[in-house]
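Each chain gets a letter, A, B and so on, in the order its sequence line appears, and its residues count up from 1.
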Amino acid sequence: DVKVTQSSRYLVKRTGEKVFLECVQDMDHENMFWYRQDPGLGLRLIYFSYDVKMKEKGDIPEGYSVSREKKERFSLILESASTNQTSMYLCASRPSGSRSDTQYFGPGTRLTVL
Amino acid sequence: AQSVSQHNHHVILSEAASLELGCNYSYGGTVNLFWYVQYPGQHLQLLLKYFSGDPLVKGIKGFEAEFIKSKFSFNLRKPSVQWSDTAEYFCAVNALTNAGNMLTFGGGTRLMVKP
C-alpha cells in the first residue's frame, strides 16, 4: 500500500519565518509534487521533481523553493513566510512511465502564517 | 496551458438522489482524465480515471464518468448517493506539456448529502 507522509498536519508560523514542510514516500516513486489547496481554486502545482536533485517549477513557484536530496524525500521551503501563504499544502508522488498512472497524496499540512 | 472547470462549487442532495458533477477541460491533445475525492479529514484519493478505450469509466463506490471528447467533458455520475458520499470532488487532467506530464485540477465541488 502506497504511503505518503507529511511531517506536520498543522503548523502555525509568523510572517518572515523560514518554514520547512517535509514529505516522504515509501514506494520508490521517481516523481514527487507539492501543491497548495485553496477553496474554489482546487489544487495548484508549486514545484515537482522527477529525480533526485532535479526540480521543475509548477504554476505558482513564487515565494517557494524545494529540495530533493534523497529519492524518498521532497521538501518544500518558504524562505520568508507571508500571510498569503496560509493554505493547505499537499504532497504527492507518482511512478515514472505511463502518464495514466495515479498520483498518491499525503494527508496535507495546514499552514497558518500570522 | 490546459485548464479544468468544475461549474458546481457546492451541491446539496438528499440521500438516494442522483448525482452529476460537471467537468470541462481545455486542451487539444491527448489527455488522461481523473476524478479524485477527499472525504472529511482524509487524504485525496483516486475515484476513477480514463486513459483510453471505453469512454464510460466505472470507479469505486458506484461512481462512473463519461468522457465525451467532442464536448471536452468528463462528468461524474452516481445514480443514488449516500450520506457517506459527502466529500469534495476534484476533476483533473493529465496532459503532456513542455514541462512534461502535468496534472491540472479543477476548483473542486463540495458535495453534501443530507440523510
Asks: Quick check on the hydrophobic clustering: are B/Tyr39 and B/Met112 connected, directly or via other members, by side-chain heavy-atom contacts under 4.5 Å?
Replies: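 Different clusters.
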Asks: Is there a path from A/Leu11 to A/Val66 through hydrophobic residues (I, L, V, M, F, W, Y) whose side chains come within less than 4.5 Å of each other?
Replies: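 Yes: a chain of side-chain contacts under 4.5 Å links A/Leu11 to A/Val66.
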Asks: Checking the side chain of A/Tyr104 only, and the main-chain atoms of B/Gln45 only, is there a donor and an acceptor separated by less than 3.5 Å?
Replies: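 No, because the side chain of A/Tyr104 does not come within donor-acceptor range (under 3.5 Å) of the backbone of B/Gln45.
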Asks: Can you measure from CZ (A/Phe48) to CG (B/Leu103) and round to the nearest 0.5 angstrom?
Replies: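 With rounding to 0.5 Å, CZ (A/Phe48) is 11.5 Å from CG (B/Leu103).
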Asks: When clusters are formed by joining ILVMFWY residues with side-chain heavy atoms under 4.5 Å apart, either directly or through shared neighbours, do B/Phe72 and B/Tyr50 land in the same one?
Replies: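 Yes; B/Tyr50 is reachable from B/Phe72 via cluster members.
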Asks: Any side-chain heavy atom of B/Phe90 sitting closer than 4.5 Å to one from A/Gln37?
Replies: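 Yes, side chains in contact.
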Asks: Tell me, out of B/Glu88, B/Arg110, B/His43, who's got the most heavy-atom pairs with chain A below 4.5 Å.
Replies: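 Most pairs with chain A among the choices: B/His43.
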Asks: Check each atom of B/Gln38 against the heavy atoms of chain A and say whether the ones under 4.5 Å are side chain, backbone, both or neither.
Replies: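 Answer is side chain: those atoms of B/Gln38 sit under 4.5 Å from chain A.
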Asks: Give the cluster check for B/Trp83 versus B/Leu76: same hydrophobic cluster or not, with ILVMFWY residues linked at side-chain heavy-atom distances below 4.5 Å.
Replies: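 As far as the 4.5 Å side-chain criterion goes, B/Leu76 and B/Trp83 are not connected within one cluster.
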Asks: Is A/Tyr35 close to chain B through its backbone or its side chain, or both, or neither, when contacts mean heavy atoms under 4.5 Å?
Replies: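 Contact with chain B: side chain only.
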Asks: Heavy-atom pairs under 4.5 Å with chain A are the metric here; pick the option from B/Gly108, B/Ser52, B/Cys91, B/Gly106 that has the most.
Replies: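 When all of B/Gly108, B/Ser52, B/Cys91, B/Gly106 are compared, B/Gly106 has the most.
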Asks: Starting from the C-alpha separation in whole Å, work towards a yes-or-no answer on side-chain contact (heavy atoms from CB on, under 4.5 Å) for B/Leu44 and A/Leu43.
Replies: CA-CA 11 Å; B/Leu44 203 65; A/Leu43 278 71; 3.7 Å; yes
Asks: What's the spacing between B/Phe105 CZ and A/Gln103 CD if we round to 0.5 Å?
Replies: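 It is 6.0 Å, given to the nearest 0.5 Å.
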Asks: With a 4.5 angstrom heavy-atom cut-off, could you sort out which part of A/Arg44 is near chain B: side chain, backbone, both or neither?
Replies: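 The answer is neither part of A/Arg44.
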Asks: What about B/Phe63 and B/Val11, same hydrophobic cluster or not, with Ile/Leu/Val/Met/Phe/Trp/Tyr joined at side-chain heavy-atom distances under 4.5 Å?
Replies: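 Yes, B/Phe63 connects to B/Val11 through the hydrophobic network.
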Asks: What's the shortest heavy-atom distance between B/Tyr36 and A/Thr102, and which atoms?
Replies: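 The pair with the smallest heavy-atom distance is OH-CG2, 3.5 Å.
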